[in-house]
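Structure record follows, encoded as structure tokens.
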Amino acid sequence: MRTQDETRQDAEASTREKVLELVVEQGPVSAATLARTLDLTPAAVRRHIAHLQDDGQIVVHEPAGPGQRRRGRPARHYVATEAGRAGLTDAYSDLATHVLDFLQQVAGEDALAAFAEDRVAELERRYRPVIDQAGTSRAARVQALAEALTADGYAATTRGIGSQAIALQLCQGHCPVQDVAEHYPQLCEAETQAFSRLLDVHVQRLSTLATGGHVCTTHIPLAVPRQTADTALTAPSDPETHDDHLSGDQSPTRSTEGNR
């Protein structure tokens with residue numbers, strides 16, 4: 001039989017894992033937000049944060065630029081480290097990278113691009129009915145996309161931009177193929193183009209986990225006419241761009257599907 005101490009330790013570990021998952025999904029995130037979302041006491045959250053920091057799984061986020069620093073003692077916000085996300089990384093990453101290395105060497109760049117397109121074509125096929133069911137509202141379609149991505153393990157959320165919510169950011173806190181995408185950005189580019197087609201609007205990728213960002217962030221305009229997007233607009237990855245948008249008091253909308 002398990003002792004009370006063992007049961008308590010299991011409960012602590014389970015809660016700490018939830019804290020880490022939320023940091024991965026919503027980071028940069030404050031301790032107050034963690035406590036409110038998980039219905040924990042501030043003392044409990046601080047204990048788990050300290051443990052995760054000691055393990056090197058989360059760190060305090062340092063905003064870039066003088067405009068991000070305020071007088072007094074602003075609330076600390078936390079983001080997951082590479083080690084913190086490592087437990088969510090699929091074991092097949094090394095093998096997949098080797099396979100794509102071989103494909104590129106034997107068949108060339110065109111074959112690699114075709115592989116990336118084939119991969120997102122399957123994603124589009126599965127997501128299209130879910131997104132279309134959300135209706136014609138672009139905001140609702142983005143939320144449906146976030147929930148579909150979360151169900152596939154991408155820990156996706158949406159965040160409104162501006163007081164009039166003229167745009168949304170689709171934030172993916174986890175990428176099952178991150179290690180592969182670090183070597184082959186074609187995977188990220190094809191995914192961005194798929195989002196554009198699914199949402200019928202040009203979108204802009206602001207940052208990716210594969211290039212050092214805290215999350216994969218896609219900027220999606222709302223106040224523009226609906227249109228058929230043959231290709232997505234892309235931009236050089238800038239990890240800090242996402243954080244600049246998140247430095248305000250905007251609250252993330254957490255997807256309702258289960259996270260991995």
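- The structure places OG of Ser30 at 6.5 Å from CZ of Arg36, a figure rounded to the nearest 0.5 Å.
- For the pair Leu22/Val29, no side-chain contact is recorded, criterion being any heavy-atom separation below 4.5 Å from C-beta on.
- Remark: the backbone N or O of Val215 is paired with a side-chain donor or acceptor of Ser207 at under 3.5 angstrom.
- At a cut-off of 3.5 Å, with distance as the only test, no side-chain donor of Gln169 or Thr217 sits close to an acceptor on the other residue.
- Note that the CD1 atom of Ile49 and the CD atom of Gln57 stand 13.0 Å from one another [nearest 0.5 Å].
- Rounded to the nearest 0.5 Å, atoms SG (Cys171) and NE2 (His214) are 12.0 Å apart.
- Residues His48 and Lys18 fail the side-chain proximity criterion, which asks for heavy atoms closer than 4.5 Å.
- The two residues Ala156 and Ala146 come nearest to each other via the heavy atoms CB-O, 3.4 Å.
- A donor-acceptor pair under 3.5 Å links the side-chain atoms of Thr81 to the main chain of Gly56, judged by distance alone.
- Side-chain contact between Ile58 and Val19 is absent, with no heavy-atom pair separated by less than 4.5 Å.
- In this structure, CG in Leu123 is found 11.5 Å from CG in Asp118, a value given to the nearest 0.5 Å.
- Connection of Val24 to Val60 is established within a shared hydrophobic cluster, with ILVMFWY side chains joined at heavy-atom distances below 4.5 Å, either directly or through further cluster members.
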Check step by step if side-chain contact (heavy atoms from CB on, under 4.5 Å) holds for Tyr78 and Val59. CA-CA 6 Å; Tyr78 300 90; Val59 293; over 6 Å; no
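- In this structure, Glu122 pairs ionically with Arg125, as a charged nitrogen and a carboxylate oxygen lie closer than 4.0 Å.
- The structure places CG of Leu206 at 10.0 Å from OG1 of Thr192, a figure rounded to the nearest 0.5 Å.
- Taking 4.5 Å as the limit, some side-chain heavy atom of Gln172 sits within range of a side-chain heavy atom of Glu191.
- Checking side-chain atoms of Arg205 against main-chain N and O of Gln193 turns up no donor-acceptor pair under 3.5 Å.
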Where do Leu170 and Val203 land on the side-chain contact (heavy atoms from CB on, under 4.5 Å) test, with the steps shown first? CA-CA 10 Å; Leu170 175 66; Val203 304; over 6 Å; no
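- Neither Val120 nor Val130 shares a network with the other; the hydrophobic side chains, linked directly or stepwise wherever heavy atoms of I, L, V, M, F, W or Y lie under 4.5 Å apart, form separate groups for each.
- Here Leu187 contributes atom CG and Thr208 contributes atom OG1; the two are 11.0 Å apart, rounded to the nearest 0.5 Å.
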